[in-house]
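Just so you know, residue 1 is the first one in the sequence shown, and it goes up from there. Since the model is a prediction, treat every value here as computed from it, not as a measurement.
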Amino acid sequence: MFDYTMIVIVVLVVMFLASAIRVLNEYERGVIFRLGRIIDTKGPGIIILIPVVDKMIKVDMRTIAMDVPPQDVITRDNVSIKVNAVIYFRVVDANSAVVEVENYLYATSQLAQTTLRSVCGQFELDEILAEREKINLNIQEILDRSSGPWGIKVTLVEVKHIDLPEEMKRAMAKQAEAERERRAKIINAEGEFQAARKLTDAASVIATEPISLQLRYLQTLVQVSAENNSTTIFPIPIDLIRPFMKIAEKMEKQ
């Protein structure tokens, strides 16, 4: 009879200790309720509770990465797109995260979805594609301000993907192709302009220094003779026959 009583006592003591002792990790905090009222926030380490009287709710204080599912957005210029994002946040006040909102994860997710639609709807499509960083900061500020009373700190928001309609993708592809063609034409025109200026400079040099043209004749002859041609055309410099041309003109006048 004595042994049976001792076993019951030991079992009761073990059950008491199991219900009274809690261990919290470094990243966890425990919000302690005593008869329905918050008395303290404890942790990390060993927490001792009064069985039946005390109740503890654990809160994870680590940064949480939450996907925001794709949202249908109509931009300010009436283009229908789908946008998704990811938000990073953490609990900074465990008491508020438990008392001020029923489920802070669900509430933050819903708030992020509505804010993403609202902010993206204020911009035109080109602005959304070009100023993503500005949109990220705008969403983060709104989320951080709205979730602050819940003990939540939103540290980062990133728009992940923007899904465009097929007709819009084709239009943007045509626009990009036209832009590439425009740049190619400009580069070609600039090349022709530079070549024309060089030719003009060369003509000016030849006009002021006729000997350079003679040197060019000699260089051409060297190139022609080096190719083993059966027929060689020898260009006669105009300066060699110019005196004879003047004599002929004088004789005609006489």
Side chain to side chain, S147 and V154, heavy atoms closer than 4.5 Å: yes
One should read off an interatomic distance between K134 NZ and N136 CG, to the nearest 0.5 angstrom, of 12.5 Å
Are L156 and Y104 co-members of a hydrophobic cluster defined by side-chain heavy atoms under 4.5 Å apart? no
Joint hydrophobic cluster, V59 plus Y106, side-chain heavy atoms closer than 4.5 Å
no
CG of N138 to CD of Q122, rounded to nearest 0.5 Å, is 6.5 Å
Residues 79-103 vs salt bridge (Lys or Arg N to Asp or Glu O under 4.0 Å), sequence neighbours excluded, gives D72-K82
Distance col, row I186:CD1 vs E190:CD, nearest 0.5 angstrom, shows 7.0 Å
Check your understanding: Is the side chain of E124 donor-acceptor paired with the backbone N or O of T75 at a distance under 3.5 Å, no angle test?
Key -> no
Quick check: are there more than 12 heavy atoms from other residues, nucleotides or ligands sitting under 6.0 Å from CE of M15? no
Same hydrophobic cluster for V10 and V13, using side-chain heavy-atom links shorter than 4.5 Å among ILVMFWY?
no
Discussion item. Can you confirm whether R170 sits close enough to E167 that some side-chain heavy atom of one is under 4.5 Å from a side-chain heavy atom of the other?
Written reply: yes
ask   = V31, V92: one ILVMFWY side-chain cluster at the under-4.5 Å cut-off?
value = no
Please determine whether a side-chain nitrogen of the Lys or Arg among K174 and E177 lies less than 4.0 Å from a carboxylate oxygen of the Asp or Glu. no
Practice prompt. Examine L129 and I74 and state if one hydrophobic cluster contains both, with Ile, Leu, Val, Met, Phe, Trp and Tyr joined whenever side-chain heavy atoms are less than 4.5 Å apart.
Written response: no
Connected to I39, directly or through other members, by ILVMFWY side-chain contacts below 4.5 Å are L24, I32, I47, L49, M56
N/O donor-acceptor pair under 3.5 Å between N25 side chain and Y27 backbone: no
- [ ] Check whether any side-chain heavy atom of I139 sits under 4.5 Å from a side-chain heavy atom of L116, and report yes or no.
- [x] yes
Q) Counting heavy atoms not belonging to K55, are there more than 12 under 6.0 Å from its NZ? A) no
Q. Does atom CD1 of I48 have more than 12 heavy-atom neighbours, drawn from other residues, nucleotides or ligands, at distances under 6.0 Å?
A. no
TODO: Check the pair V91, D60 against side-chain contact (heavy atoms from CB on, under 4.5 Å), reporting the backbone distance first and the verdict last.
DONE: CA-CA 7 Å; V91 176; D60 194 327; over 6 Å; no
| said: If you count heavy atoms of other groups shown closer than 6.0 angstrom to CD of E179, is the number above 12? | reply: yes
* To do: May I ask you to test the L164-L125 pair for a side-chain heavy-atom distance under 4.5 Å?
  => yes
Between the CZ atom in R37 and the CZ atom in R34, the distance rounded to the nearest 0.5 Å is 12.0 Å
Exercise for review: Please indicate whether Y88 has more than 12 foreign heavy atoms, meaning atoms of other residues, nucleotides or ligands, lying under 6.0 Å from its OH.
Suggested key: no
For S80 and P165 the tightest heavy-atom approach is O-CG, 3.1 Å
Handout entry: Close side-chain approach of L143 to F89, heavy-atom, < 4.5 Å
Key = no
Separation between CD (E127) and SG (C120), nearest 0.5 Å, reads 11.5 Å
query: Quick one: are V68 and N84 in side-chain contact, heavy atoms under 4.5 Å?
result: no
Closest heavy-atom pair, S146 versus P149, reported as atoms and distance to 0.1 Å, is O-CD, 3.5 Å
Closest non-hydrogen contact found for I162 with V159 is CG1-CG1, 4.1 Å
Partner of I128 under side chain to side chain contact (heavy atoms under 4.5 Å, CB included), picked from V119, D77, I81, is I81
>> If the threshold is 4.0 Å, N to carboxylate O, is there a salt bridge linking E181 and K185?
In response: no
Value for CD (E158) from CD (Q140), rounded to nearest 0.5 Å, stands at 9.0 Å
_Checking the side chain of T108 only, and the main-chain atoms of L105 only, is there a donor and an acceptor separated by less than 3.5 Å?_
no
